[in-house]
Every structure is written in C-alpha cells, then in structure tokens.
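When a ligand or atom number is given, it counts from 1 through the structure's own listing order. This chain uses plain numbering: 1 for the first residue, then up along the sequence. Any value given below was found using the heavy atoms of this structure, including those in side chains, with hydrogens, waters and symmetry copies removed.
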Amino acid sequence: MPGFECFDKEEKMQLEEVMDTGILMRYNFDSLRKNHWKANELETAIAEKVQVQHVHLTSSGTTALITALKALGVGAEDEVILPPFTFVASYEAVLFCGAIPVFADIDDSLTLCPKSVEHKITSKTKVIMPVHMCGGMADMESIIAIARKYHLYILEDACQSTGATYRKKYLGTIGHMGCFSFDFVKTITCGEGGAVLTNDENLYQYSHAFSDHGHDHIGLDRGLENHPCVGLNFRISELHAAIGLAQWKKLGHILEKQRKLKANLKEILSNNSNIQFRKIHDEKGDNASFLTFNLPDENLARSTSQLIKESNIPCAYWYDNNWHYYKGWKHFDDLKKDKSLYEEQRSKLPHFNDLDLTKSDQIMSCTLSIPLSLKWDESITTEIAQKILAILNR
Ligand SMILES: *Cc1c(COP(=O)(O)O)cnc(C)c1O
C-alpha cells in the first residue's frame with residue numbers, strides 16, 4: 001500500500017498552489033482562492049476514473065464509513081454484518097452509529113463468506129459490509145443476491161482496494177455505497193483522507209451535508225446556508241486533497257507496477273506445493289498491493305513468517321495483528337459497561353472470548369501476506385521469492 005513511496009515534485013507543486021492562496025478550507029472564500037478547488041477537483045477525478053455518479057471526500061476512511069452508515073439510516077438496534085478480518089475502523093464505525101456489528105465468517109478469499117452472511121441475517125439486519133481486504137475483492141455476485149433477497153443495503157469497505165475491479169466495475173461502486181481510505185499507508189495517500197462513493201443522489205446529498213455540520217452548501221454565504229440534517233466536521237482540507245490530486249494521477253502506474261511484481265513473486269513461489277495462494281474472485285481486477293497465501297498449518301505459518309521477517313522481507317501474520325483481526329479487539333468488551341452506549345446496544349455486543357469464528361480462525365491462522373513495495377523491481381522480487389522458497393524448503 002505504498003502511495004507515499006512515489007512522492008515527487010507533483011505533490012509539492014499541488015501543495016504550493018494551495019499555500020499561495022492561504023485558503024486551506026474546501027468551501028467558500030471564492031474571491032481569495034484563485035480558483036483552486038482541490039477537493040472538488042479530486043472528487044471529479046475519482047468519479048471519472050471509477051465511473052460513479054458521486055464522490056464525497058472526508059477526513060479519513062473511518063469518517064467516510066460513519067458518513068455512509070449514517071446516510072443509509074443505520075442507528076439504534078440495527079445490525080450490520082461484517083467480517084472479523086478487516087481494520088478495527090469498520091467495527092468502530094458501526095458502533096459509533098449506535099448499531100450492532102455482527103461478525104460473519106470469511107472464506108478462502110479472506111473476505112465475507114456468503115453462506116455465513118446469510119446465516120447471520122436477522123429481522124434487525126440493515127447492511128452487509130463486505131471488506132475488500134489487501135487489494136482483493138469479496139464475492140460481490142453472491143453478496144448482491146443475498147442483499148436483494150433480504151432487502152438489505154450493501155456498503156463496501158474498499159479502503160484497502162482503491163483501483164481494484166470486480167467484473168470490470170470498480171470496488172466501492174458496486175454496492176449502494178462504498179468507501180476509500182487515503183491514509184498514510186494506503187495505495188493512494190492524502191496523509192489522512194477518505195471518500196464516500198455512491199450512485200444515489202439522496203445518499204450523496206446527505207453525505208456532504210452530514211460531514212460538514214449539516215450544511216446544504218447552497219449559496220455563497222456560509223453563514224446563511226441551511227441545515228437539512230444534523231452533522232459533524234468530517235471535512236478534508238485543501239492541503240490533503242491537493243496531495244491526493246497528485247497521487248491520483250499515479251494510480252495507473254502504481255497498479256501496473258504492483259501487478260507486475262506480484263506476478264513475478266507468484267510465478268516463482270508456485271514451485272512450492274505447500275503454498276496455497278489466496279482466492280481472488282477476479283484476478284484481473286486485483287489491486288495487487290499484497291501477495292497473500294496460506295500454509296498447511298498454524299505452526300508452520302507462524303514460524304515461516306518469523307523467518308521471513310528475520311531475513312528482512314516484510315511479512316504480515318494477520319492472525320496475531322491487533323489492528324486487523326478480531327482476536328486482538330478484546331478492548332471492545334469494556335463497552336459493555338460504557339454509559340455512552342444505550343442498554344440494548346451494550347447487552348447485544350458480543351463477549352470477544354465467546355465468539356465462534358472457527359472457520360475464520362482456521363484460515364487466518366495459516367495466512368501470510370507480503371506487502372509489495374513500489375521501490376522494488378523484478379530482480380528484487382526474484383531474490384525475495386527465492387529466499388522465501390529456501391525458508392519453506394528448510
Ligand atoms: C485503513 C482502513 C480503514 C480506515 O481508514 P482510515 O483512513 O485510516 O481512517 C477502514 N477499513 C479498512 C479495511 C482499512 O484498511
């Protein structure tokens with residue numbers, strides 16, 4: 001996820017244009033901003049590229065998710081189904097809307113298992129939130145079929161998969177709403193930033209108003225704008241959007257490079273029969289920020305990841321990662337005593353020790369990921385793949 005690895009003069013030039021005006025706010029100040037509207041420009045560039053009607057930038061992927069959930073009307077007593085392998089923000093976003101996050105298992109694509117999703121649906125379920133982890137995609141065809149059958153919304157957490165496609169449609173544009181993150185380690189970075197995507201005019205109108213204190217953004221005088229809804233400040237600044245504009249132009253180059261490096265790694269590693277590559281529902285659409293594979297058992301996966309790291313090759317063993325896997329989220333149990341939650345929400349939250357996600361555990365305990373660097377070339381990936389092969393053949 002290396003947008004920051006390719007900073008050059010483009011980002012600096014974009015920043016300078018904003019600094020020269022002194023207007024860091026994305027709205028208003030028309031006479032002072034020398035016609036620079038970086039956030040608007042980035043929204044248009046994203047919408048054109050991913051072919052979606054509406055894009056609204058926010059201050060982070062987390063605030064994009066909260067904005068989208070609010071736009072979909074998610075609140076007290078509603079349930080949102082999501083996977084246990086994600087970033088902790090997906091879970092937090094549901095909680096902070098007053099709703100109840102419900103885990104469904106993942107399958108060998110490391111994204112929501114459609115069967116498990118169907119199993120978790122109740123009369124309170126409102127949204128299915130597939131999370132397109134590590135540049136790959138959820139089984140959207142099956143998830144769409146389930147959502148139609150039970151009249152549910154789909155919110156795609158595409159924070160890790162900007163630019164990836166599923167059957168030629170960009171991830172984040174397939175469900176009712178989708179979210180990107182542009183934080184410091186994502187494929188495209190603004191420093192901090194996020195985006196809400198939708199083809200629905202009403203959901204878009206709510207989203208831009210909600211993320212700016214409910215302002216309707218109609219009229220020249222900010223103080224005279226109306227409040228169609230209650231909101232908060234989840235705005236992106238012009239500085240962050242400016243960096244994003246320079247980065248966005250590099251998306252094609254980043255994906256092309258990642259895909260090439262990944263294909264090289266994969267070709268060499270396929271010589272080891274212990275390696276089972278992650279299932280990618282649409283290989284052509286893979287954002288390819290990681291090469292992810294499973295080994296036959298937990299002990300082998302754990303010891304191999306340790307040895308890979310010791311040979312200075314980056315390697316993620318997600319099963320032990322406190323940010324990305326539910327096993328490291330026991331701090332959420334504190335909320336069962338938290339007065340900012342209403343009683344039913346508190347009582348319906350799971351005890352993290354009691355969760356039964358055996359299938360996910362079986363898969364994730366054997367999963368390793370190599371994050372690809374844009375600084376690498378094929379001679380480096382060849383060397384890395386050979387080192388990993390040697391470790392596996394030890
Ligand atoms: C990064 C990330 C987020 C949150 O994005 P921030 O911009 O860091 O707030 C949400 N979901 C997933 C899957 C992510 O990887």
Item to check | Those atoms of ligand 1 less than 4.0 Å from some heavy atom in Cys159 | outcome: 2 (C), 3 (C), 10 (C), 11 (N), 12 (C), 14 (C)

Checklist entry - Does ligand 1 have an atom under 4.0 Å from some heavy atom of Lys186? => result yes

Checklist entry - Relative to the heavy atoms of Asp183, which atoms of ligand 1 are at a distance of less than 4.0 Å? => result 1 (C), 6 (P), 7 (O), 8 (O)

Checklist entry - Looking only at distance, does Gln160 have an N or O less than 3.5 Å from an N or O of ligand 1? => result yes

Item to check | Shortest reach to atom 5 (O) of ligand 1 by a heavy atom, considering only Ser181, Pro83, Ser59, Ala89 | outcome: Ser181

Checklist entry - Which of the atoms in ligand 1, numbered in the order shown and given with their element, are less than 4.0 Å from a heavy-atom of Val131? => result 13 (C)

Checklist entry - So, the side chain of Arg259 versus the backbone of Asp286: is there a donor-acceptor pair under 3.5 Å, distance only? => result yes

Next on the checklist: Going by side-chain contact (heavy atoms from CB on, under 4.5 Å), Ser109 matches just one of Thr111, Leu112, Ile106. Which one?
Outcome noted: Thr111

Item to check | Region of Ser60 engaging ligand 1 - heavy atom pairs below 4.0 Å | outcome: both

Checklist entry - Side chain, backbone, both or neither: which part of Asp157 has a heavy atom under 4.0 Å from ligand 1? => result side chain

Item to check | Under the salt bridge (Lys or Arg N to Asp or Glu O under 4.0 Å) test, residues paired with Glu17 that sit two or more places apart | outcome: Lys38

Next on the checklist: Tell me whether Glu225 contacts the main-chain N or O of His215 through its side chain, where contact means a donor paired with an acceptor under 3.5 Å.
Outcome noted: no

Checklist entry - Within the structure, does Gly61 bring an N/O atom to less than 3.5 angstrom of an N/O atom in ligand 1? => result yes

Next on the checklist: Quick one, Trp248 and Ile188 - any side-chain contact, counting heavy atoms below 4.5 Å?
Outcome noted: yes

Checklist entry - When you measure from the side chain of Ser237 to the backbone N and O of His240, does any donor-acceptor pair fall under 3.5 Å? => result yes

Next on the checklist: Using a 4.0 Å cutoff against the non-hydrogen atoms of Thr86, which atoms of ligand 1 qualify?
Outcome noted: 13 (C)

Item to check | Passing candidate, ring pair (Phe, Tyr, Trp, His ring centres under 6.0 Å) with Tyr91, options Phe352, Tyr326, Phe96 | outcome: Phe352

